[in-house]
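Order of the sequence lines sets the chain letters (A, B, ...), proteins ahead of strands, with each chain counted from 1.
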Amino acid sequence: MFRDALREEIRAAIGRAAVAGRLPPVAVPAFEVEVPRDRRHGDYATNAALVLAKAAGASPRQVADALVEAWAPAADRVAALEVAGPGFINIRLAWPWRRALVAAIRAEGDGYGASTVGAGRRVNVEFVSANPTGPLHVGTGRNAVIGDVLANLLAALGYQVTREYYINDAGQQVHNLARSVEAHYFTHFGRPRPVPEDGYHGDYVADLARRIAEADGPRWLEAPEAARLDHFREVSVAAVIEEARADLARFRVVFDVWFSERSLVRSGAVDRALADLRARDYVYEADGKTWFRSTAFGDDKDRVIVKPTGEWTYFGSDIAYHLDKRARGFDLMIDVWAIDHIGDVARVRGGLQALGVPPEALEILIYQHVRLKNEGEALRMSKRRGEFVTLRELIDAVGVDAGRYFYAMVAPGTPMDFDVALARAHSQDNPVYYVQYAHARIAGILREAAAAGAAAGSAPPLDRLEDEREWALLHTLAELPEVIRAAGLRREPHRLCAYAREVAEAFHLFYTHCRVLGDDPGLTAARLAVVEAARTVLRRVLGLLGVCAPERM
RNA sequence: GCGCCCGUAGCUCAGCGGAUAGAGCAACUGGCUUCGAACCAGUAGGGCGGGGGUUCGACUCCCUCCGGGCGCACCA
């Protein structure tokens, strides 16, 4: 609330300075009100004079002096203005305004930090969408957390958010899975067959075959191959997806829509997309295949869209899939993809653009791989070979809270080294506990207060707040709306973790120096109000991260 | 070879064009008869891969080189 208000005051001051002839009448440039890194530079600082100097034809410090003179803020809002450094104006707030934040946060409650910048626009966040050919692995965990936290952030910003999982149940990979299950099925009934070279080799494949054998007996041995593979594929995909759904739910990731690629193909949507592309002259036939002119949209070569067999490539159905999302009324589509798909971005964007979808309607959020190590040894993961660490194993080892925080903490664009052994050993040192501990301490204070009959009440005497440590905490709490906005609009969930740590640190400092429960009922009530405000913010941030805010630890 | 991404403290990572680049872990020192010590206070440790450029100001933007990752399928 402070930053926005200050920005307005400064804008007005620039106008007044111009009217008074202290500044030439120039267009007001974009300027910032920010929290200075060094607290000695005040509570807030603005670079308004620096960005104004050139157009004003004066030195930044002269402009700053003029602005300060024209501003002359109310004494109960701003305690001091100071021109410093190259021409910053440093701002120190007065206590009456500082205290007003406590009342504001208490009034807004759990809604504090939300905004309406999304204006109800409909957003589809598609994430995870792992091939339904085996258990989710630890790399997927990163995708799950990035997508889920981003969805939470967008909802807090006033977007109408749908979480979606695209099930690739139509292509070669699920066919390979079916053939792998088939091999185990025959083996199960004493007719050993090797798992195909390009099949899936994990133990779970044998489990899938055994489940079919137990349910249906040997009757598929003599069934027509096509019917058998169809059935095996369908049953196996359903089982794998069910496992994924359960693992994700345990990780507190719940999807609104599970969208089947197969259903899309059956509906004829893919054919219609191709017909449309053809009508617009973006496809041609060559070498017995149908090609899409993706080079027209910056791709480095044209892409096959229909194979010689008449089957779709994944790319064809992907275009139809995104068109389907548009048809369902989404203004914005955000796909969360691992870095290994980066080469596909241009063609999918191109395909949609060719069909008249505006480029800004699709955003692809690329995140770097999770590199696995075990005690320093690099671990190569391969779902085909059945060599991977599952998401479930990770959660078993470190828990949901530490796992989610761990993934959320790192910027999507940064490769993440993940030492499994270290993750186990260090789960007790996970920064999430620092944050959760602050919340548990707050809960403890409020328990004690209730037991002693103390409470902030509806109108605590906030004028009793005058300690700089109290303000340091409030100052941090004031940033929540800004943090949610930045994290959501920039698609950078990790900012929440940095902020959560700052809030916890400010609270721990406050706790160490400012005794809450004491002999002075007025001071106790005022500080309890601060504690409640801190609890509101911590809950909110942890809630957005999908991490528990514990009452006790 | 081409395209995209990443190089910041011993390790893992933050850093929104601004003032003396931060945190966690690891190391070392000190603090519990008072609301929870999963905490706090302090010491030590890097000048941001190299070089140019833009800017009043660059870890941040541009160019280039070096190192690493991913991709360059009729797999998804």
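- Across the protein-nucleic acid pair, A:Phe507 atom CZ and B:A37 atom P stand 11 Å apart, rounded to whole Å.
- Going from atom CZ of A:Arg347 over to atom C1' of B:C2 covers 15 Å, rounded to whole Å.
- Comparing the same atom, C1', in B:A9 and in B:G47 gives a spacing of 10 Å after rounding to whole Å.
- You won't find any donor-acceptor pair under 3.5 Å spanning the side chain of A:His494 and the base of B:A14, going by distance alone.
- The distance between the ring centers of A:Tyr284 and A:Phe292 does not fall below 6.0 angstrom.
- A:Phe255 and A:Tyr165 have perpendicular rings, their planes meeting at more than 60° on a 0 to 90° scale where under 30° would count as parallel.
- Residues from residues 479-488 of chain A placing a heavy atom under 4.0 Å of any atom in RNA chain B do not occur.
- Within the structure, a side-chain polar atom (N or O) of A:Thr414 is placed less than 4.0 Å from OP1 or OP2 of B:A14.
- Applying the salt bridge (Lys or Arg N to Asp or Glu O under 4.0 Å) criterion to A:Asp519, with sequence neighbours excluded, gives no partner residue.
- With both ends at atom C1', the span from B:G17 to B:U12 equals 27 Å, rounded to whole Å.
- Residues from residues 511-522 of chain A that place a heavy atom under 4.0 Å from any atom of RNA chain B, listed by number: A:Tyr511, A:Thr512, A:Cys514, A:Arg515, A:Val516, A:Leu517.
- In this view, A:Ala239 and A:Leu208, A:Arg211 satisfy the side-chain contact (heavy atoms from CB on, under 4.5 Å) rule, not counting sequence neighbours.
- In this structure, A:Met409 atom CE and B:U12 atom C1' are separated by 8 Å, rounded to whole Å.
- Going from atom CG of A:Leu50 over to atom C1' of B:A19 covers 10 Å, rounded to whole Å.
- With rounding to whole Å, A:Asn176 atom CG is found 8 Å from B:C75 atom C1'.
- An aromatic stacking contact between A:His341 and the base of B:G71 is absent, as defined here by ring centres under 5.5 Å apart and ring planes under 30° from parallel.
- Taking atom CZ on A:Arg441 and atom P on B:A38, their separation rounds to 8 Å, with Å as the unit.
- With sequence neighbours excluded, the residues forming a side-chain hydrogen bond (donor to acceptor under 3.5 Å, both in side chains) with A:Asp4 are A:Arg7, listed by chain and number.
- Taking both residues in full, the closest heavy atoms of A:Asn430 and A:Ala402 are given as ND2-O, 3.2 Å, listed atom of the first, atom of the second, then distance.
- As rounded to the nearest Å, B:A21 and B:U60 have C1' atoms that lie 12 Å from one another.
- Both A:Glu261 and A:Gly444 lie close to RNA chain B; mapped to their nearest nucleotides by heavy-atom distance, the more 5′-ward contact belongs to A:Gly444.
- Not a single donor-acceptor pair, N or O on each side, falls under 3.5 Å between the base of B:A76 and the side chain of A:Asp169.
- One interatomic measurement links the two molecules: OH of A:Tyr165 to P of B:A76, which rounds to 15 Å at whole-angstrom precision.
- The aromatic ring of A:Phe88 sits over the base of B:A19, with ring centres less than 5.5 Å apart and planes inclined by under 30°.
- Every residue two or more places apart in sequence or in another chain that forms a side-chain hydrogen bond (donor to acceptor under 3.5 Å, both in side chains) with A:Asp401 is listed here: A:Arg252, A:Gln436.
- Annotation: B:G51 and B:G7 have their C1' atoms spaced 16 Å apart (nearest Å).
- Nearer the 5' end of RNA chain B, as judged by each residue's closest nucleotide, is the contact made by A:Glu492, out of A:Asp344 and A:Glu492.
- The P atoms of B:G46 and B:G52 are separated by 23 Å, rounded to the nearest whole Å.
- Put simply, CD1 on A:Ile445 is 12 Å from C1' on B:C39, counting in whole angstrom units.
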Assess whether ring pair (Phe, Tyr, Trp, His ring centres under 6.0 Å) is satisfied between A:His475 and A:Phe2, documenting all intermediate values.
CA-CA 9 Å; A:His475 191 250; A:Phe2 300 122; 7.7 Å; no
